Amino acid sequence: MKFLPISLLILALATATAFAYDPSPLQDICVAIKDPKSAVFVNGEFCKDPEEVTADDFVFTMFREPGNTANPLGSKVTPATVMEFPGLNTLGISAARIDFAPGGLNPPHTHPRGTEVLVVLEGTLLVGFVTSNQLNNTLFTKVLYKGDVFVFPIGLIHFQFNTGETPALAFAGLSSQNPGVITIANSVFGAKPPISADVLTKAFQVDKKVIDYLQAQFWYDNN
C-alpha cells in the first residue's frame, strides 16, 4: 500500500482547516438582502447592490436598550448576527448584548461556528467552559468583575451566571457572522420530536420518570 508524502498530508490538513471557518470576503462590502431579485452578488447571503448601500446598513441600534430579564432564566441575549445586522455579511464577526437580573443565568450552550470573547461592563459574573472528552471534560471557571475579559473557545460548552445582588451586563464578540447557538438543556430535553426516553435514560443513568419530568418542562430560550 502506498502512502501519501507528508507534504501532501500537511497540505490536505491545512486545506480542511481553511474551510472550517467563514469564507473570506470576495468584495469590500456585501450587505445581506432577503429579496434575491434585488441582489447582484452572492457571498454567504444575497448581497445588496453596492450602489444602494448607505451608512445605515452598518449600524445596529438594538443594543441601546436593556434586554428583558423577566423570564425563568433571568437573562436576555440580544444577538447581532447577520440575520439581525445585514452589514456583517462576509465580515466573519458578530456580537451580542447579555443582560442579567440578580441570579440570572445564560445556561450551558455552545457556538458551533465561533469563538466568543466576553467583556463585563457591569456586575459580577461566574463564567466557565468545559473541554472535550479528549481533555477529560475539564472545567475552567472564573469570577469576573467590571472590565474583565474572558474567552470561550469555539464549540465548547460554556455559561455565565450573575452571582451578584445587582443586575449585570456583558457584551460578547464572536468570530463568525452566524456562530449558531445550541442550548444544551433545550436540545436534549426539548427536542421536537422528543429524543427517545430509552436513549436519555441510559445516557444520563437515571430513572425514566426523571426523563419524563424533564421532557415535560418548558425550556425557555433567552436568545
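Predicted model only: the values in this text are computed from it and were never measured.
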Between N162 and A101, is there a donor-acceptor pair closer than 3.5 Å when you use the side chain of the first and the backbone of the second?
-> yes
Are the side chains of L121 and K146 in touch, meaning some heavy atoms are under 4.5 Å apart?
-> no
Got a sec: does the CZ of F58 have more than 12 other heavy atoms crowding it under 6.0 Å?
-> yes
Answer yes when D99 and R97 have at least one side-chain N-carboxylate O distance shorter than 4.0 Å, and no when they do not.
-> yes
Minimal non-hydrogen separation, T78 against M62, with atom names = CG2-O, 4.0 Å
Closest non-hydrogen atom pair, L88 against Q177 = O-OE1, 3.5 Å
From CA spacing to verdict: side-chain contact (heavy atoms from CB on, under 4.5 Å), N106, F159 | CA-CA 6 Å; N106 191 13; F159 62 87; over 6 Å; no
hydrophobic_cluster_shared for L156 and V77, side chain cutoff 4.5 Å | yes
Compare every heavy atom of E116 with every heavy atom of A172, then report the nearest pair and how far apart it is.
-> CB-OE2, 3.4 Å
Path from L118 to I157 over hydrophobic side-chain contacts below 4.5 Å | no
Test N137 against L139 for side-chain contact (heavy atoms from CB on, under 4.5 Å), laying out the working first.
-> CA-CA 6 Å; N137 306 117; L139 171 64; over 6 Å; no
In short, T131 meets L135 closest at the heavy-atom pair OG1-O, 3.2 Å
Atom CZ of F100 and atom CG of L73: how far apart are they, to the nearest 0.5 Å?
-> 10.5 Å
Check: W219 side chain, A191 main-chain N or O, donor-acceptor pair, under 3.5 Å | no
Evaluate the side-chain proximity of T110 to P112: yes if any heavy-atom separation is below 4.5 Å, no if none is.
-> yes
If the plane angle is over 60° it's perpendicular, under 30° parallel, otherwise tilted; pick one for H109 and H111.
-> perpendicular
OG-CZ distance between S175 and R113, expressed to the nearest 0.5 angstrom | 11.0 Å
State, with a plain yes or no, whether a side-chain heavy atom of V120 is found less than 4.5 Å away from one of V127.
-> no
Are N222 and N71 linked by a side-chain donor-acceptor pair shorter than 3.5 Å?
-> no
Determine the minimum heavy-atom distance between A168 and G123, stating which atoms define it.
-> CB-CA, 4.0 Å
So, D198 and K202, do they make that salt bridge, N to O below 4.0 Å?
-> no
Apply the test side-chain contact (heavy atoms from CB on, under 4.5 Å) to residues T141 and L126: give CA-CA distance (whole Å), side-chain angles for both, the deciding distance (0.1 Å), then the verdict.
-> CA-CA 7 Å; T141 185; L126 170 67; 3.2 Å; yes
Ring-ring centroid check F204 F189, cutoff 6.0 Å = yes
Which heavy atom of S176 sits nearest a heavy atom of G114, and at what distance?
-> CB-CA, 4.4 Å
With a 4.5 Å heavy-atom cut-off, do F161 and L125 have their side chains touching?
-> no
With K48, the side-chain hydrogen bond (donor to acceptor under 3.5 Å, both in side chains) member among T54, D57, N89 = D57
Quick one: does P79's side chain get under 4.5 Å of E84's, heavy atoms only?
-> yes
More than 12 heavy atoms from other groups under 6.0 Å of CE on M83 = yes
Is I184 reachable from V130 through a run of I, L, V, M, F, W or Y residues, each pair having side-chain heavy atoms under 4.5 Å apart?
-> no
F150 vs F152 aromatic rings, parallel, tilted or perpendicular, using cut-offs 30° and 60°?
-> tilted
Would I98 end up clustered with I93 when hydrophobic side chains under 4.5 Å apart are linked, directly or stepwise?
-> no
Kindly indicate whether the side chain of I211, heavy atoms from C-beta on, has any atom under 4.5 Å from the side chain of V206.
-> yes
May I ask you to check whether over 12 heavy atoms, not counting those of Q205, lie within 6.0 Å of atom CD?
-> yes
Is V188 linked to V210 within one hydrophobic cluster, defined over Ile, Leu, Val, Met, Phe, Trp and Tyr using a side-chain heavy-atom separation of less than 4.5 Å?
-> yes
Is the closest side-chain heavy-atom distance between T201 and D207 below 4.5 Å?
-> no
Regarding T81 and N178, is there a side-chain donor-to-acceptor distance under 3.5 Å anywhere?
-> no
Close side-chain approach of L105 and S75, heavy atoms under 4.5 Å = no
is_close_aromatic(H158, F129), centroid dist under 6.0 Å | no
Without swapping roles, check the side chain of Q215 against the backbone of I195 for a donor-acceptor pair under 3.5 Å.
-> yes
